[in-house]
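Everything below concerns the one structure shown next.
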Amino acid sequence: MTNEVIKANGADVWKKVMSTTLAMPGVKVDREKFLRSELANWCDKGQIEEAISKYPHHVLSGKIIDRVAKSCIKSHLYKVTAISAVAGLPGGWGLLAAVPADVAQYYWHVFVLSQKLAYLYGWPDLCDEDGNLTDTACEMLTVFVGIMMGVAAANTAIREIVKGFAGQVVKRLPRMALTKGAVYPLIKQITKWVGINLTKPLFAKSLGKVIPVLGAGISGTITYVTFSKESKRLQRKLSENMQLIIDTQKGANG
């Protein structure tokens with residue numbers, strides 16, 4: 001695939017990867033169950049209920065939230081690296097099928113971790129009342145992935161989305177937060193660039209898979225470095241924006 005084709009079809013590439021990944025079991029994170037499980041070692045029952053009904057920063061310091069977030073990152077990092085290394089072994093999932101399977105499992109961990117980090121840092125539920133990830137949630141996940149990849153438009157978009165919470169305390173991610181002002185055009189830019197950028201590590205890992213002995217090591221190493229860097233970048237950005245979320249909530253409460 002040439003660079004020209006990739007640029008032209010960036011949005012389509014990302015939508016295809018996202019559709020495939022979202023169809024995988026367990027990709028949706030139940031906010032209440034997750035917070036109840038992760039905060040059990042840090043909060044009493046009353047504090048856990050407050051964290052669920054409001055947000056974790058109501059009962060925990062930023063340092064503790066960072067610590068829990070880093071633990072989540074570490075857990076997913078080890079899992080995604082191990083699976084990637086297996087996929088890199090000759091005949092592991094079949095040479096033709098290995099690349100799409102590897103990409104799907106990588107972004108499964110990206111989506112799950114993104115939801116977990118968002119909930120820790122004060123974001124409302126991305127799922128609807130039936131526990132499904134809506135189109136709005138998918139757009140939000142795209143913004144999170146854009147931040148992980150270092151797409152400048154994603155950093156601008158997340159600030160504008162958080163500002164959209166101002167004057168209200170929301171239980172679920174409001175559609176209007178992603179359609180107001182300049183946010184929607186930014187999401188379209190992010191979608192295109194995510195599709196373009198994700199092909200770079202994919203091609204590098206594909207090369208590794210055709211080298212009989214080194215395939216597993218190359219695939220696992222690239223995954224480890226990429227996932228570690230990207231997840232930490234998202235964690236830092238969500239941590240930075242947590243104070244803005246707190247400020248908007250104070251405004252909502254008068």
Side-chain angles (χ1 to χ4, degrees), residues 15 18-19 21-39 43 46-60 65 68-69 72 107-108 110-148 154-188 190-191 234-235 237-254:
K15 288 175 182 177
M18 173 170 269
S19 175
T21 305
L22 290 175
M24 297 174 69
V27 72
K28 304 164 191 172
V29 176
D30 185 303
R31 179 180 179 273
E32 179 176 343
K33 289 182 179 178
F34 166 69
L35 291 178
R36 199 176 295 281
S37 173
E38 289 299 318
L39 303 185
C43 305
Q47 290 173 322
I48 290 176
E49 295 305 321
E50 184 174 357
I52 291 171
S53 63
K54 296 179 181 177
Y55 302 103
H57 54 254
H58 283 254
V59 298
L60 291 174
I65 293 175
V68 177
C72 290
Y107 281 99
W108 184 94
V110 166
F111 290 165
V112 172
L113 178 62
S114 295
Q115 292 170 77
K116 290 179 178 179
L117 294 180
Y119 297 150
L120 285 172
Y121 286 107
W123 284 72
D125 204 331
L126 271 64
C127 294
D128 61 19
E129 291 82 355
D130 298 320
N132 297 314
L133 289 168
T134 62
D135 290 343
T136 302
C138 292
E139 291 171 353
M140 194 67 248
L141 288 174
T142 298
V143 174
F144 289 154
V145 173
I147 291 170
M148 296 176 83
N155 293 326
T156 302
I158 196 171
R159 289 194 299 271
E160 294 302 314
I161 292 168
V162 171
K163 290 177 183 177
F165 298 162
Q168 57 181 323
V169 177
V170 293
K171 295 291 185 181
R172 302 187 186 280
L173 184 67
R175 172 66 181 168
M176 62 177 294
L178 277 73
T179 56
K180 289 178 62 177
V183 175
Y184 187 67
L186 286 172
I187 291 175
K188 293 180 68 176
I190 297 163
T191 301
L234 176 60
Q235 185 257 328
K237 184 58 62 176
L238 289 174
S239 181
E240 291 172 7
N241 278 274
M242 186 172 68
Q243 185 58 49
L244 182 56
I245 291 176
I246 293 171
D247 292 341
T248 61
Q249 290 167 359
K250 287 180 179 178
N253 293 326

Closest contact, heavy atoms only, Gly26 versus Trp108: O-CZ2, 3.4 Å
Can you confirm whether Met242 sits close enough to Ile65 that some side-chain heavy atom of one is under 4.5 Å from a side-chain heavy atom of the other? yes
If you define the side chain from C-beta out and look only at heavy atoms, does anything of Leu133 sit under 4.5 Å from Gln115? yes
Heavy-atom donor-acceptor pair, Asn132 side chain to Thr134 backbone, under 3.5 Å: no
Could you check if a side-chain atom of Leu35 sits within less than 4.5 angstrom of a side-chain atom of Leu120, using non-hydrogen atoms only? yes
If you look at every heavy atom in Leu126 and Tyr119, which pair is closest and at what distance? N-OH, 3.0 Å
Look at the side chain of Glu50 and the backbone N and O of Gly46, then say whether any donor-acceptor pair between them is shorter than 3.5 Å. no
Taking the side chain as every heavy atom from C-beta outward, state whether Tyr121 and Asn241 have any atom pair closer than 4.5 Å. no
Shortest non-hydrogen contact from Ala154 to Gly146? CB-C, 3.5 Å
Give, for atom CG of Leu141 and atom CE of Met18, the distance between the pair rounded to the nearest 0.5 Å. 5.0 Å
Looking at side-chain heavy atoms only, is the closest gap between Val143 and Ile187 below 4.5 Å? yes
So do the side chains of Met148 and Ser114 get within less than 4.5 Å of each other, counting heavy atoms only? yes
Is it true that a side-chain atom of Ser239 and a backbone atom of Gln235 form a donor plus acceptor pair closer than 3.5 Å? no
Taken to the nearest 0.5 Å, the spacing of Leu22 CG from Lys15 NZ works out to 13.5 Å
Check the orientation of Phe144 and Trp123. Use parallel for under 30°, tilted for 30 to 60°, and perpendicular for over 60°. perpendicular
With rounding to the nearest 0.5 Å, note down the distance linking CG in Asp30 to OG in Ser37. 11.0 Å
Could you check if a side-chain atom of Val29 sits within less than 4.5 angstrom of a side-chain atom of Phe111, using non-hydrogen atoms only? no
Between Leu234 and Leu113, is there a side-chain heavy-atom distance shorter than 4.5 Å? no
Whether Arg31 side chain and Ile52 backbone form a donor-acceptor pair below 3.5 Å: yes
Among Asp135, Leu186, Ile161, which residue satisfies the side-chain contact (heavy atoms from CB on, under 4.5 Å) criterion with Leu178? Ile161
Could you state the interatomic distance from NZ (Lys237) to CG (Asn155), rounded to the nearest 0.5 Å? 4.0 Å
Relative to the ring of His58, is the ring of Tyr55 parallel (under 30°), tilted (30 to 60°) or perpendicular (over 60°)? tilted
How many angstroms lie between SG in Cys43 and CZ in Arg36, if you round to the nearest 0.5 Å? 11.5 Å
Smallest heavy-atom separation, Cys127 atom then Lys28 atom, equals SG-CB, 4.4 Å
Let me confirm one number: the CD-SG distance from Glu38 to Cys72, rounded to the nearest 0.5 Å. 4.0 Å
Any donor and acceptor pair, going by atom type alone, linking the side chain of Asp128 with main-chain N or O of Asp130 inside 3.5 Å? yes
Ignoring hydrogens, what is the shortest heavy-atom contact between Ala157 and Ile190? Give both atom names and the distance. CB-CD1, 4.0 Å
